[in-house]
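Please read the structure below before turning to the comments.
Lettering follows sequence order; numbering is per chain, from 1. Quantities reported herein were computed from a predicted structural model and do not represent experimental measurements. Just so you know, these numbers use all the heavy atoms, side chains as well, and skip hydrogens, waters and symmetry mates.
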Amino acid sequence: MNSIFDSRILNLVIFFPLMVAGLVALLPKDEKGQIRAVTLAGMIGSFLTTVWAWGRFEVRSPVEFQLEYRMQWLSDVGISYHVGVDGLAVALVLLTGVLGPMVVLSSWTFVQERVKEFHIALLVLQTATFGAFCAIDTLLFFMFFEAVLIPMYLLIGVWGSEERQKAAMKFFLYTMVGSVLMLLALFAVYFLAAPAGARSFDYSTIYNGLMGASRELGAYLKANPGGDGAGLTPVALSLFRYGPYLFLAFAVAFAIKVPMFPLHTWLPDAHVQAPVAGSMVLAGVMLKLGTYGFWRFAVPFFPIAARQYQTLFATLAVIGIVYGALMSLAQRDIKKLIAYSSVSHLGYCMLGIFAFTAEGATGSAYQMLNHGVSTGALFLLFGMLYERRHARLMSDYGGIAKVMPVYAAFFLVVTFSSIAVPGTNGFVGEFLVLLGTFKSNLPMGFGVLATTAVILGAAYMLWMVQKVFFGQVTHQENLGLKDLGRREFVAALPFIVLILVMGLRPQPFLDVLNTSTERYIARAKYASGEGANDDAKVRVNVRQLPRVAVADAAVPAPAPTFRPVVSPDMVRPARPFQLQPLQPNLQQVRP
Amino acid sequence: MEKLQLFFQTAPVDATQAGHALWLIIALPLLGALISGVAGKVIGRANVHLVTIGAVFGSFLLSLLVFWSVNDFRASAPSPFGGIGYAVGADFGTWFQAGTFRVNFGLVVDHLSGVMLLVITGVGFLIHLYSAEYMSHDKGYWRFFAYLNLFIAAMLTLVLADSLPLLFVGWEGVGMCSYLLIGFWYDDPQKAYAGRKAFITNRIGDFGFLVASFLMVLMVESIVGLPADKLNRAGITGEQVSSRYGSAVAEKGPLAFSVLEETAKALPNLLDEKIVTGPLTGLTYELALTIIMLCFLLGAAGKSAQIPLYVWLPDAMAGPTPVSALIHAATMVTSGIYLFTRVSYLVVLSPVAMITIALIGATTALVAALIAFTQKGIKKILAYSTVSQLGLMFLGIGVGAFWAAFLHVVTHAFFKACLFLAAGSVMHGNADEEDVTKLGGLRKEMPVTWATFLVSTMAITGIVPLSGFFSKDAILHAAHTQHIAGYHGLQTLAWVMGTLTAACTAFYMMRAYFLTFEGERSKDAKTPHAHESAPLMTGPLVVLAVLAVVALVHGLPIMHMQRGGETVTQTLMENFLDPVLRTTNDLVAQKQFLELPHEHESMVGPWIQAWIIAIVSGALAFFIYRRFLPRGGSLQFLEPLRKFSFNKFYVDEVYDALIIKPITVLSRILHKVVDAVLIDSVAVHGTAWLTARTGAVLRYLQTGDAQMYAAVMALAASSGVVWAIFKVLP
């Protein structure tokens, strides 16, 4: 049953942290306790809003983007404020919400300077991340995507360790390069996807517009392999000529964010220098913006180019998996080791995305959640140790299990999750990704090589565990370390619960993710010539933009040569503007 | 007699009910682990014992009940292909599902897993009891019992699972517990290392297991996609097979054992055909199946300590002795054999896989036995002996004598657990002295330990009529008489190695026995007098020793079956496993990859042979170690050989040099060269440097210096003029 709130939940999800940030800004800056408490309460509130959104998401509904909300905003340039979530997005929103309170708890005593600014940054970061996952308008997505950078830059640059400035700069520049490419590509598809007047940055307009061209191009390429594009309509011709470059522009932007080999070198530096909270958000949520981008934009927009580059990206993913694991084996610095393990784990996500099979894609989506939980937990736990000792090298520790038994037990559980022991969350994602890879059209070697990381993962994680926790206590100063306090215990326990729940009862999560997977696979395989093009399945149907008077004059009739892939009523609604929360947001679309 | 039979065949619980209660068998020890692990320190030692031992005992009682209902002739577990006879089971819903793949929480008990249940919970219970005393001085008791209970739960999951992925939960779960328990005394880096080595070696096996599972999915799905006429079988049309098969795959997932069994039934007609759909396109079904089985072999070799992955097991002796008895002798290490018996219907369709399994098993058996000759630690000897016995079981699997291999699993569980516990008792009474050359003369001082050790030694040596003889002889007999089509020569080799192993076993076990219990007490002993262990420790020893004897019943040819008009005599175990192995036997009869002997030979010959082998070898050990070398040591001219064997043929060193070192070096080089230099310095900082340089150069274009601008302009203009002049001039 729909409720009046449904179309507003996401606004609440996105802007609630920002409201709390406003509140925190009003607090006196010396009242550190108050600031922390308010932020924590805000994060918990924010978490509850995400749970609400998750609860209102209907798995059986045929609607792709649910809880949708759309309003006029910068409509002169074809932008609207348009949010909504599909299965993957709502899961990532929930993940972001879960991590929020833990992040605050993790920095409770760690951050002592500029406490107010720190917490405001965290809250703003939260809003930006939610926004990026919820945005359906591509430029809105881009804005949020960029907005994430600023608080993260500050988190690393202000509250980081010794070489924080350098790491923050590297992180910022790396990501910026990608962003510029993406922005250019976005403009290109904006102009490409619809005729003048019908243009819009909305996901539906761009996707549906490119869809027609892709279909035409797909049919053409099948009929004339190696053809020079003569006889194609202008849009399809452009896609034929520039599609691969546009795809690569998107792909590079997101590949940097993931990060994929060989664009990963910012990650270890950023992680090492970032404070605990920064590392947790970075690993837990921010990297998923990259994989999410591939899933939502890069591959669906350019299915033909994506398939063309499938082998390349799958190769890079496998290299990332194995290479990341080998790098981890060579580290002495614990945070670096965890960072490189992220490269390896994200490689699984990318491999699943580029396997183009349902198992692979669902596994990849689940792996995104798992990585958020287990790597988030690893950084959280290591942060506790770092706070006590301010040392990052394995050789600074040893025998910690003797002095901090509860801590060691927690760490061990998370380790097993990280190396995907069945029964923990990691296994389900990894298993599905690997299975999906084996089932895909990629050569068998991809699957086999990726599976070797099962061995390497155990090797580096357990090696680290042994160096840190086992043996005799080798440093005097480690003898007096205190075991977990109450606050730390509360911060860590949810992760342990999540690890077990997501390992033993993954199906509720997978059901939600499967809804997105089906569409993703249909879109990735679109226009491939395998079977009929299921237009009804891949077409993006969204709520109409509420009507304003100006829009009438602005939209001319489509050019006669252009295939009307965007039906005019999608841009120009028949009904006058009204609040339409009770309307089902499925559109009747003429093929 | 008939009444008694009827009593055993009428279970007090309904099969469905029993099936629905199966989860409890796993949940009890899991709960015990949770309580002991979380609150163990608070509730105290006695309560931890009560909870954990009680949990295992509860599981044992439930297992008995379930075992009883499995024997009920009415018992039938639900399966998408109709009921499975002599089994109870239930499906507890989806575990995970994506695309066309699914795994359910399905548990099933048939005769095979029923026996395993009893062994795990029964022996597990005894070992828990023993541990209560053995670990009575250890402060980490709560941790120990939590791990031990967790292990039992994982092992039970392994045998109860009705699909490969769920089995894998137990498979990795036992590996994880083994890791935790080997490294139980983690403040000793050596022990922590041994745990890690075990886990990682196991992981190499798990890699094989995973790949095999994935390939299996591909194969099953390629069969689902076949046209119906390819699936015609005697008595059932292809359409029926196809529709039932398809719905079963959708309902239970492609890796459920019931689906795999059906796959095996469909395969005989397909083996020579090429796969036409899916990623395996182009391979024949036989080749695909062989690859899958060899990958499973890698998995099983990891868990069951076979060449090339056996190296972790001897090191695993770093764990507390009860752990060695439970995990590294009786239960976990036999899961490879369990796995192959479970999917025996697939094994028998691939002769290449069979001969490989047989050869790997036989080689492992012999190599481990040769290493065991010279080891000094009593647990080390037993560990290599375990590797060697597991090798024999693999030999049994390889030659298609699944029941014999499985019988050996059971008898071995009894006598090897007893041997380990007795060894533990010896160490307990001798201030943790492990070295057999520093013990001696314990017969008088530890009578119960002595007696039980002796019985078990005779059992493992294969002296008639102890249980070890029947199981081991059944394997060797099968290796001699059942022929894998096309590999007679290699199989004879395997048989010879197996027989040699039997001789070696008698020798090294007798050596261990003589050095430990006979003769004078060694001068190097840590304590002048040993003391017998408490009843809580000797009790389990006695029970296990008795079991090691009475288990012989399973090996007696007392069952007479009507088959094909003639009366066939079977041993109890063979008969008992018949419902499990029925498909396998049918396939063997159909494909003839395995040539069975037509007549059962008299058992007297092998008995005498076994006696001779055992006595000659044992006597040799007696002469050497009682007469010539009562202190251990070696004969002069054999010293190089002894050293070679004592250092375990330097296998660890070879692995280190060939695998571990290169990977470590590779990772360092990649890190130093590729990551730090090529990517970060050259590409990333290089880009930054280039940008900065370009900026620095371009800066000179816009200095704001008017004179400079004028100068450049003038220069340009004048060169233009000069050029024009040269151009105009002829």
Side-chain angles (χ1 to χ4, degrees), chain A residues 170 173-174 262 264-266 323 326-331 357-363 366 399 401-402 409 412 416 419 421-423 427-428 431-432 434-442 444 447-448 451-452 454-456 458-459 462-463 465-466 469-472 504 506-507 510 513-514 517, chain B residues 37 93-101 143 154 165-166 168-173 175-176 179-180 183 186-189 191-193 195-196 199-200 202-204 206-207 210-211 213-215 217-218 221 278-280 663-664 666-672 674-676 678-680 683-684 688:
Chain A
K170 194 168 175 183
L173 286 181
Y174 242 114
H264 64 276
T265 54
W266 64 271
Y323 182 84
L326 285 175
M327 283 302 98
S328 296
L329 269 177
Q331 301 308 316
T357 51
E359 288 84 356
T362 303
Y366 202 56
K402 264 260 141 53
L412 214 55
F416 285 128
I419 60 179
V421 169
F427 172 70
V428 179
F431 187 89
L432 284 176
L434 292 172
L435 176 62
T437 311
F438 270 90
K439 282 178 83 165
S440 72
N441 57 338
L442 293 165
M444 213 59 88
V448 175
T451 314
T452 55
V454 167
I455 307 167
L456 294 174
L462 294 184
W463 174 57
V465 164
Q466 182 180 350
F469 292 100
F470 298 157
Q472 297 287 346
L504 296 172
Q507 201 51 42
L510 294 179
L513 296 173
N514 278 339
T517 304
Chain B
T94 314
W95 178 22
F96 61 91
Q97 177 269 321
T100 53
F101 183 79
R143 217 157 43 83
L166 199 58
F168 192 63
V169 175
W171 186 271
E172 283 252 292
M176 182 183 82
Y179 163 76
L180 293 170
Y186 55 76
D187 41 8
D188 179 349
K191 293 184 170 155
Y193 171 77
R196 190 154 62 91
F199 193 87
I200 292 170
N202 266 301
R203 269 271 160 141
I204 298 175
D206 296 348
F207 161 78
L210 280 175
V211 172
S213 307
F214 298 141
L215 294 178
V217 174
L218 299 183
E221 294 197 339
L280 294 176
I663 289 185
T664 328
L666 176 72
S667 70
R668 299 243 168 88
I669 291 176
L670 280 179
H671 181 235
K672 290 266 150 56
V674 178
D675 221 52
L678 280 183
I679 298 179
D680 216 38
V684 178

Taking every non-hydrogen atom, the tightest pair across [X] and [Y]:
{"X": "B:L218", "Y": "A:K439", "answer": "CD2-CG, 3.4 Å"}
{"X": "B:F207", "Y": "A:V448", "answer": "CE1-O, 3.4 Å"}
{"X": "A:A330", "Y": "B:S667", "answer": "CB-O, 3.6 Å"}
{"X": "A:F416", "Y": "B:M176", "answer": "CZ-CG, 3.3 Å"}
{"X": "B:W95", "Y": "A:L504", "answer": "CD1-O, 3.5 Å"}
{"X": "A:S440", "Y": "B:P279", "answer": "O-CG, 3.7 Å"}

Chain B heavy atoms under 4.5 Å from [X]: which part of the residue, side chain, backbone, both or neither?
{"X": "A:L329", "result": "both"}
{"X": "A:W463", "result": "both"}
{"X": "A:L432", "result": "side chain"}
{"X": "A:Q472", "result": "both"}
{"X": "A:L434", "result": "both"}
{"X": "A:T517", "result": "neither"}

Which bit of [X] comes within less than 4.5 Å of chain A, counting heavy atoms only: side chain, backbone, both or neither?
{"X": "B:Y193", "result": "both"}
{"X": "B:L180", "result": "side chain"}
{"X": "B:I204", "result": "both"}
{"X": "B:L666", "result": "side chain"}

If you tally heavy-atom pairs under 4.5 Å against chain A, which of [options] wins?
{"options": "B:K191, B:R196, B:R143, B:E221", "value": "B:R196"}
{"options": "B:I200, B:D206, B:N202, B:L215", "value": "B:I200"}
{"options": "B:D188, B:T100, B:I663, B:T664", "value": "B:T100"}

How about A:F438 and B:V217: do any of their side-chain heavy atoms sit closer than 4.5 Å?
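No; the side chains remain at least 4.5 Å from each other.
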Under a 4.5 Å cut-off applied to non-hydrogen side-chain atoms, are B:Y186 and A:Q466 in contact?
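B:Y186 does not reach A:Q466 side chain to side chain.
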Chain B interface, residue from [options] that has the most non-hydrogen pairs under 4.5 Å:
{"options": "A:V465, A:V454, A:T362, A:T437", "value": "A:V454"}
{"options": "A:M327, A:K170, A:H264", "value": "A:M327"}
{"options": "A:G360, A:G363, A:G399, A:A401", "value": "A:A401"}
{"options": "A:S328, A:G447, A:A458", "value": "A:A458"}
{"options": "A:T357, A:L442, A:T452, A:L173", "value": "A:T452"}

Go through the steps for A:Y366 and B:F96 under the test side-chain contact (heavy atoms from CB on, under 4.5 Å), then give the verdict.
CA-CA 11 Å; A:Y366 202 56; B:F96 61 91; over 6 Å; no
Given the side-chain rings of A:F427 and B:F168, with only the six-membered ring counted for Trp, is the space between their centroids under 6.0 Å?
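Centroid separation for A:F427 and B:F168: below 6.0 Å.
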Side chain A:Q507, main chain B:Q97, donor-acceptor under 3.5 Å
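Such a contact is found between A:Q507 side chain and B:Q97 backbone.
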